[in-house]
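A short write-up of the structure that comes next.
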Amino acid sequence: MSRLLAGGAGLRWRTRSAKKTTQITMITTFISQGYDEVSENAVGKLIVSNIESGEYDKITILSAFASRSAIQVLQGLLLKNKFDTNNVRIIVGIDQGGTTKQALLQLLTIDNAKVFLYYQKETIIFHPKIYLFEGINQAELIVGSSNLTLNGLFRNVESSIRINGSLKDMDQILNSVKAYYHTIFDESDSNLVPLSPDVIHDLTEDGKIPTESSILRPRNNKKGKNSNRTDKLFSRKEIAKIPRSLFKYFKNEISKSNKNDDNKNIQTLTNLIDRPVEVFNYDEPSYHFPQGVHVGHILYGLKVIGKSNRKDSHIADEYVRLRGDIGTGEIGGFQRKSKYLLIGMMQLGLIDDNRNVEDQSNYQINLTENGRKLFAILEDVIELVDLSFKKKNKDFDKSWEMVHNKRHYIKILKSVIQLHNENLQFFRNLIFEMGAVNLMAEFLNTSDESSLPKTQFIYEHFFSFPKVVEYCKKYNIKPGTVEAAKRRCPLIIDLLEIAGLVEQSTSYVDVGKLQSNLF
């Protein structure tokens, strides 16, 4: 018979023998998550505790979808707890664009793990979510709706059943699972393919898997024009949080104990997943995190450069100083801000990048292909909007203080960029080629401050976020202080707002859309 128990992990059934009064150790637990803000029983937390417990030496995961961030957490846990990854088997699906290229690349960096893709041409999809942990004396099986993604493991409203107990008591259920999926467990299924760099390349070329930047779109992009009417039917709910203790795993570590100098594929993959790779090794923070610039300045730069009219402008030759030689006093400060604008436009890929050119004497400031496309999208706006600057009552009367504040330009850009989905997707792809935007998106998405982090919280914690610390170390940049963050974070957040992924007030940033669409 079975007895229903109330317990800390939800509802549990403890099975007793019909013939004996001795208690069998197999326990079945209903796991709920995402319906409450805390979600103490999230599947992700169970996975963490199982790996940390040291009671299991073999892991098998079958998941329809997988995200890079969830795999980073899994990889970090395995490394920290010295888990033998020879005993890790992961099978993921690639249907419906649910698994990204970056996720597959990250999977390949788990040394010695057996990683496979399951895909078939028919319209039906590979959709299981099974997490099996086996040890010398016991086993645990989690079956439910949680994919191998951060949202699936921690945030989404999901339901699962957790069964754990001694190997003897778990024998029947484990045999049932392995018998049904026997061609997966013995790796004989014709639709099961070992993951490799070549496979990822072919899948990307054939359009079978998306990149993470390409799936950053609000859910209502696929709905009707009047989809916003339905928003009034539903209230806003707090999103369950990811434990802050997991932040340290959001980095691309490769097991030092299993180094293989001859494995060029792993090194290549590390470079591919460590976005952005097209960043030049200058140790000036402004070459990586733009400062003192807002979108009104970028509009001005597009206008002047796009119309080849730099003479007598704020970025005329006499004010361009990308390699030192900046003057003193008022003109020096002005030249420095001119430099910040040009660097910011380089980081966005709007003008030819001069950060890696030693001799700038013959450098010509030209729009890139993306710069010309954005100029074409905004050309009518650029002609109409007021892009003038305030003048100073001094000998040098030029300034970078615009007549209107940045909110004025953000509002205008949002109305144009978000008007057509094609323009919106172009803009999103554009900004996510910028390292600082990727870092900010990941920081906001993984923050457990809630979906409405205060602006001050962002300033205080962005440069201490492990992924940002790792990035700064890589490029020999000193992580910014809180005061530096106040100068370097605003433009990044403004770009995300124009892309329709966050909303800002005077004191907080609403990241609900970003959190629901990033992974």
Side-chain angles (χ1 to χ4, degrees), residues 286 289-322 326-327 329-351 365 367 371 374-418 427 430-431 434 436-437 455 459 483-499 502-507 509:
S286 61
F289 301 94
Q291 63 184 45
V293 179
H294 62 67
V295 293
H297 296 137
I298 292 173
L299 274 176
Y300 173 80
L302 277 174
K303 179 179 181 179
V304 171
I305 301 169
K307 291 183 171 294
S308 301
N309 193 25
R310 286 201 300 119
K311 186 178 180 181
D312 297 326
S313 75
H314 280 41
I315 48 176
D317 286 342
E318 59 264 36
Y319 305 129
V320 176
R321 297 288 188 275
L322 298 180
I326 290 179
E330 292 291 329
I331 191 170
F334 184 84
Q335 289 172 332
R336 185 171 289 105
K337 290 189 176 181
S338 299
K339 167 185 175 178
Y340 291 156
L341 169 61
L342 294 175
I343 290 172
M345 293 183 72
M346 290 175 189
Q347 290 170 320
L348 276 167
L350 299 177
I351 62 175
I365 302 175
L367 293 180
L374 186 60
F375 177 78
I377 293 171
L378 301 173
E379 188 169 8
D380 291 341
V381 171
I382 289 172
E383 287 296 328
L384 296 174
V385 69
D386 183 359
L387 294 172
S388 60
F389 298 86
K390 295 180 180 180
K391 290 189 176 183
K392 295 184 176 181
N393 296 319
K394 296 184 178 181
D395 293 338
F396 184 78
D397 64 353
K398 288 183 179 293
S399 83
W400 275 101
E401 184 181 359
M402 303 193 80
V403 172
H404 301 284
N405 62 31
K406 72 170 187 176
R407 293 303 311 172
H408 174 76
Y409 302 107
I410 291 173
K411 184 177 180 180
I412 292 171
L413 281 170
K414 286 172 66 175
S415 67
V416 177
I417 296 296
Q418 297 183 26
F427 189 78
L430 177 74
I431 67 172
M434 182 174 169
V437 171
T455 306
Y459 295 156
E483 289 304 311
K486 291 179 180 179
R487 298 191 299 272
R488 297 172 189 163
C489 292
L491 175 64
I492 309 171
I493 300 171
D494 294 345
L495 293 172
L496 289 170
E497 180 178 1
I498 294 167
V502 304
E503 293 289 342
Q504 298 182 74
S505 75
T506 55
S507 59
V509 179

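Heavy-atom basis, side chains included; hydrogens, waters and symmetry copies ignored.
Taking the six-membered ring where tryptophan is involved, the planes of Tyr409 and His294 are essentially parallel, since the angle between them stays under 30° and well short of 60°. The aromatic rings of His314 and Phe389 lie parallel to each other, with less than 30° between the two planes, well short of the 60° mark.
The shortest heavy-atom contact between Phe427 and Leu495 is CE2-O, 3.6 Å. In terms of heavy-atom proximity, Tyr300 sits nearest to Ser313 at OH-CB, 3.3 Å. What you find for Gly306 and Phe375 is that their closest heavy atoms are CA-CE1, 4.0 Å. Scanning all heavy atoms of the two residues, the minimum distance from Ala316 to Asp312 falls at CB-N, 3.9 Å. Of all non-hydrogen atoms in Gly371 and Leu302, the two that sit nearest each other are O-CD2, 3.9 Å. Residues Gly344 and Pro290 share a closest heavy-atom pair of CA-CB, 4.2 Å.
His408 is not listed as a side-chain neighbour of Val403, based on a closest heavy-atom distance of 4.5 Å or more. The closest side-chain heavy-atom distance from Thr455 to Thr506 is not below 4.5 Å. In this structure, Leu350 and Leu430 have side chains that are in contact, with non-hydrogen atoms separated by less than 4.5 Å. In this structure, Arg310 and Val320 have side chains that are in contact, with non-hydrogen atoms separated by less than 4.5 Å.
Expressed to the nearest 0.5 Å, how far CD1 of Ile305 lies from CG of Leu342 amounts to 6.0 Å. Taking NZ of Lys406 as the start and CD of Gln504 as the end, the distance is 5.5 Å to the nearest 0.5 Å. A distance of 4.5 Å separates CG in Leu413 from CD1 in Ile498, rounded to the nearest 0.5 Å. For the atom pair CD (Gln347) and OH (Tyr340), the distance works out to 11.5 Å, reported to the nearest 0.5 Å. One distance of note links CZ of Arg407 with NZ of Lys414; it measures 6.0 Å at 0.5 Å rounding. Met434 contributes atom CE, which lies 9.0 Å from atom CZ of Phe289 (distance to the nearest 0.5 angstrom).
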Practice item. For the pair Met402 and Lys390, evaluate side-chain contact (heavy atoms from CB on, under 4.5 Å) and give the outcome as yes or no after the intermediate values. Key: CA-CA 6 Å; Met402 303 193 80; Lys390 295 180 180 180; over 6 Å; no
**Study point:** Chi angles and distances behind the side-chain contact (heavy atoms from CB on, under 4.5 Å) call for Ile431, Ile492
**Key:** CA-CA 9 Å; Ile431 67 172; Ile492 309 171; over 6 Å; no
Check your understanding: Can you list the steps and then say if Trp400 with Val293 is a side-chain contact (heavy atoms from CB on, under 4.5 Å)?
Key -> CA-CA 9 Å; Trp400 275 101; Val293 179; over 6 Å; no
Exercise for review: May I have the step-by-step check of side-chain contact (heavy atoms from CB on, under 4.5 Å) for Tyr319 and Ile315, ending in yes or no?
Suggested key: CA-CA 6 Å; Tyr319 305 129; Ile315 48 176; over 6 Å; no
Review point. Hey, mind stepping through Glu401 and Lys337 against salt bridge (Lys or Arg N to Asp or Glu O under 4.0 Å) and telling me if it holds?
Key: CA-CA 10 Å; Glu401 184 181 359; Lys337 290 189 176 181; over 6 Å; no
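Side chain of Glu497 to main chain of Lys411: no donor-acceptor pair is present (N/O by atom type, distance under 3.5 Å, no hydrogens or angles).
Applying side-chain contact (heavy atoms from CB on, under 4.5 Å) to Ile298 and the options Asp494, Leu348, Leu374 leaves one that passes, Leu348.
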